[in-house]
Amino acid sequence: MIGSDMKEAIARLPEGIRERLRQAGRLADESGLDLYLVGGTVRDMLLGRSRKDVDLAVDGDGMGFAGRLARGTGGRCTPHSRFLTATVDLPEGNSLDVATARSETYERPGALPRVAPASMDVDLARRDFTINAMAVSLNGRSFGELVDPFNGLDDLRKRLVRILHDRSFIDDPTRLFRAVRFERRLRFRLERGTAGRFREAVSEGMIGNLSGPRLLEQLKLICVEPDPWPVFNRLERLGALKAIHPALASDSGLETLVREISQSGDLASSTYDGWWILYLVALFRPRRAETLEGVVDRLKPNRRLRKAIEDMSRWSGVEQAVESGEIDTAADFCRAVRTISEDTMLFLSMTHPEDAIRRRCEAYYRHHRHMRLSIDGRTLKELEIPEGPAYGEILDEVLSMKINGEIGTAEEELGAAREIWSRRNNLST
Ligand code: ATP
């Protein structure tokens, strides 16, 4: 595919999108603006890879143009003023991301850039890698022409990830993570000079200039790659994991965990949205509590991830109690893990090395935590049990019997409640 005419690549786009791009190009002509496909969209089109996002850039007021495009197509425009971008949701369900071509300047290494409108040349020059610094004109007279000031097409052919200038990783160390993500995803290599600058930036401590949330965002992006392990492994070999925190490592243990998680897809519900958390728990797994605290301090995770990490330490206590026999029945197990996060329990269901414990975690995750009784307080009232704290205790005991598989049907629940009540009554008389 690479090297074939860009027009051919456009011809391969789904017809709906292609027509919309032509329509956008006509609108740009009428508005006297230059409009381009840019960045990852161009890279993936040239590689023949399909993708969800279509990124456009306007040499001029992109947000105003996005508004007109939305009106012209019967779509909806959502502006993101801080980034000089807007999303146009088209009536047929696709969307186009429209940006104002811009410059980015870095006041200090690792800081967020200052953004200002600029020409398309300047916009391409602020990008991360040559393969991401290409544009394709959508205006009528030049429709399909490739703009490639850094020879990105050549690097696509050579399968190289190359920075645009020597300070690139210093200006923005998130590019270190982006470089390895693209390298592994596309099965490219870091170009020699780029690999050299990479190692220098790491050894000079540039990763330390990134804030916790920015760093965590990069780790999260790795976790949503189809195969995160090779990315972690490469980062390890380039010294970038240890630069986040000395305790982080990509070893065969991590490889096994990542594989187990990826292969246990059917365990999680279809709406489960915490895959990235599972991979990060794998990366931060069984470490001493102080180390975990250090990692949490560095990355400032959101509440959900923080709880999943911290619950791994709480789990160790439960595990000991299971091994000593102190926790025995399924109901006891349920009670002990009830406040441990769903993500942590799913992680254990997928990866615990001991079969028996893994099965317990899985039974809890799949079934027991969802178990509810058919009877409730009203039922107990009908049984003429006097209202009071006994209600909670009886229902809790019936639920334990159900979890332990001693009863199943609604009648059995009722019978059990009656029996528990009469036993308590007999005891108290
Ligand atoms: P993906 O396929 O993962 O979405 P992408 O190339 O589209 O990859 P985005 O993060 O969506 O990546 O960014 C879009 C474009 O913006 C990139 O192709 C690149 O040109 C530019 N870009 C993104 N992040 C940076 C950065 N940190 N420094 C410079 N340019 C960047």
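Note that ligands are numbered from 1 as they come in the structure, with each ligand's atoms numbered from 1 the same way. When a residue number appears, it is its place in the shown sequence, counting from 1.
- There is a protein heavy atom closer than 4.0 angstrom to atom 1 (P) of ligand 1.
- Side-chain contact, S119 with D121: no donor N or O sits under 3.5 Å from an acceptor N or O.
- Both the backbone and the side chain of N132 come within 4.0 Å of ligand 1, judged by heavy-atom distances.
- Here F129 has no heavy atoms under 4.0 Å from ligand 1, in either its backbone or its side chain.
- The proximity of Q218 to ligand 1, defined as any non-hydrogen pair under 4.0 Å, does not occur for either the backbone or the side chain.
- If you number the atoms of ligand 1 from 1 as listed, the ones under 4.0 Å from a heavy atom of G40 come out as 6 (O), 7 (O), 18 (O).
- Between D148 and R127, no side-chain nitrogen of the basic residue sits less than 4.0 Å from a carboxylate oxygen of the acidic one, so the salt-bridge criterion is not met.
- For atom 9 (P) of ligand 1, the nearest non-hydrogen atom of the protein is R178 NH2, 3.8 Å.
- Between R162 and the options D154, D155, T130, a side-chain hydrogen bond (donor to acceptor under 3.5 Å, both in side chains) holds for only D155.
- Judged by distance alone, with hydrogens and angles left aside, the side-chain atoms of D251 form a donor-acceptor pair with the main-chain N or O of G253 at under 3.5 Å.
- Nearest protein heavy-atom neighbour of atom 6 (O) of ligand 1: R43 NH1, 2.8 Å.
- No N or O atom of Y106 sits closer than 3.5 Å to an N or O atom of ligand 1.
- Among all non-hydrogen protein atoms, the one lying nearest atom 15 (C) of ligand 1 is R127 NH1, 3.6 Å.
- Residue contacts with ligand 1: G39 is placed with no nitrogen or oxygen under 3.5 Å of a nitrogen or oxygen of the ligand (distance criterion only).
- Annotation for D171 and Y106: closest pair O-CD2, 3.3 Å, computed over non-hydrogen atoms.
- A side-chain donor from one of R335 and S400 sits under 3.5 Å from a side-chain acceptor of the other.
- Residue-ligand proximity, R51 to ligand 1, at heavy-atom distances under 4.0 Å covers atoms 2 (O), 4 (O), 7 (O).
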Next item on the list: Test E30 against R68 for salt bridge (Lys or Arg N to Asp or Glu O under 4.0 Å), laying out the working first.
Entry: CA-CA 11 Å; E30 286 160 26; R68 288 198 295 285; over 6 Å; no
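- Regarding atom 14 (C) of ligand 1, its nearest protein heavy-atom neighbour is D55 OD2, 4.2 Å.
- Side chain of R314 to main chain of T339: a donor-acceptor pair is present (N/O by atom type, distance under 3.5 Å, no hydrogens or angles).
- For the pair E354 (side chain) and A356 (backbone), a donor-acceptor distance under 3.5 Å is absent.
- Residue contacts with ligand 1 for D172 involve side-chain atoms from C-beta outward but no N, CA, C or O (heavy atoms, distance under 4.0 Å).
- The proximity of E104 to ligand 1, defined as any non-hydrogen pair under 4.0 Å, does not occur for either the backbone or the side chain.
- Within ligand 1, the atoms closer than 4.0 Å to a non-hydrogen atom of R181 are 3 (O), numbered from 1 in the order shown.
- Distances between N or O atoms of R175 and those of ligand 1 include at least one value under 3.5 Å.
- Checking only distances, D53 never comes within under 3.5 Å of ligand 1, N or O to N or O.
- Salt-bridge check for R359 with E362: failed, with every basic side-chain N at 4.0 Å or more from each acidic carboxylate O.
- Remark: minimum distance from atom 19 (C) of ligand 1 to any protein heavy atom is reached at D128 OD1, 3.5 Å.
- Below 4.0 Å from some heavy atom of R185 lie the following atoms of ligand 1, by number and element: 1 (P), 2 (O), 3 (O).
- The side-chain hydrogen bond (donor to acceptor under 3.5 Å, both in side chains) search around E260 returns none, not counting sequence neighbours.
- Every atom of ligand 1 is numbered from 1 in the order shown, and the set under 4.0 Å from a heavy atom of T174 is 27 (N).
- Geometrically, R178 does not engage F182 in a cation-pi contact, judged by NZ or CZ lying under 6.0 Å from the ring centre and within 45° of the ring axis.
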